[in-house]
Amino acid sequence: METKRLLSIINHVAVIISRYAYINLLWVAFVLLGGVIFGIMPATISMFTVIRKWLHQNSDDSIFQTFYYTYKQEFIKSNTLMAVLLVFAVLLYSNIAYAGLIRETSLYPFFLAITFIALSLYIILMLYIAPVYVHYQFTFKRYLAYSIHIGLANLLHTTAMVVSLLGFYYLSMKFPGIILFFSFSVSASIVDFFAQFSFNNLQTQETTVKSA
């Protein structure tokens, strides 16, 4: 009886590992399919969709079919969102470059503080944008605003997310094989895991306010 239970556990672990590896390889393949630049965002949205269905909805849908369908369905919309994020990144980079030019002026401390705040908000936005995109049906503007709002309203979960990601990346440097087979899928799962806590926490807060 114990042997069967042990074999069942080993089989379950093997299935989880193989799924993560498969999702990771799908992400890489579909990024390349989109010419890298146009493949990153739709592949990422597809990966988060698959992981959300797998971990939170106990879905038995085909991983490939879900990934491929989402990739096609969200290709244009997700790339438009990616363009907006890139514009923000360029503006942020310009701010950082400009801060270096005014280092000797009295405006430098103030401008540096503004740039640091903007960088922090952008990091939060990048962490939450994919799970928010998959979890909600919003306009572009609402996706951006809500991602930042959720991250700021749940700083504990956001901090735990960042620490967990840094820990995983450190582990990946120690064991390079992880990068090829698990880096993107496991990172997405970490982000999704803490994002779900943030979603649930915010929903509880909104419910409490409405019922008060």
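The model shown is predicted, which means the values in this text are computed figures rather than measured ones. Note that these values count all heavy atoms, side chains included, but never hydrogens, waters or copies made by symmetry.
Ring geometry, Tyr146 versus Phe138: the interplanar angle exceeds 60°, so the pair is classed perpendicular (tilted spans 30 to 60°). Relative ring orientation between Phe30 and Tyr68 is described as tilted, the plane-to-plane angle lying within the 30° to 60° band.
Nearest heavy-atom pair across Ser189 and Tyr20 is OG-CE2, 2.9 Å. Across every non-hydrogen atom of Ser183 and Asn24, the tightest pair is N-OD1, 3.4 Å. Ala89 and Tyr122 get closest at one heavy-atom pair: CB-OH, 3.4 Å. Contact between Ile129 and Met41 at its shortest, heavy atoms only, is CG2-CE, 4.4 Å.
Side-chain N/O atoms of Tyr128 and Thr158 include a donor and acceptor closer than 3.5 Å.
Tyr133 and Tyr143 have their aromatic ring centers within a separation under 6.0 angstrom.
Cluster membership check: Met82 shares its hydrophobic cluster with Val36, using side-chain heavy-atom separations under 4.5 Å among Ile, Leu, Val, Met, Phe, Trp and Tyr.
Remark: Ile190 CD1 to Leu165 CG distance equals 5.0 Å, nearest 0.5 Å. Note that OG1 of Thr159 is 10.5 Å distant from CG of Asn154, once rounded to the nearest 0.5 Å.
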Take Phe184 and Val31 through the test side chain to side chain contact (heavy atoms under 4.5 Å, CB included) and record every step on the way to the result. CA-CA 12 Å; Phe184 302 109; Val31 166; over 6 Å; no
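Sequence neighbours left out, the pairs with a member in residues 77-104 that pass ring-ring contact (aromatic ring centres under 6.0 Å, His included) are Tyr98-Phe111. Residue pairs meeting the ring-ring contact (aromatic ring centres under 6.0 Å, His included) criterion with at least one member in residues 153-178, sequence neighbours excluded: His157-Phe197.
With sequence neighbours excluded, the residues satisfying side-chain contact (heavy atoms from CB on, under 4.5 Å) with Thr139 are Lys141, Arg142.
Here the side chains of Asn201 and Ile150 are not in contact, with every heavy-atom distance at 4.5 Å or above. Within the 4.5 Å cutoff, no side-chain heavy atoms of Phe48 are placed close to those of His135.
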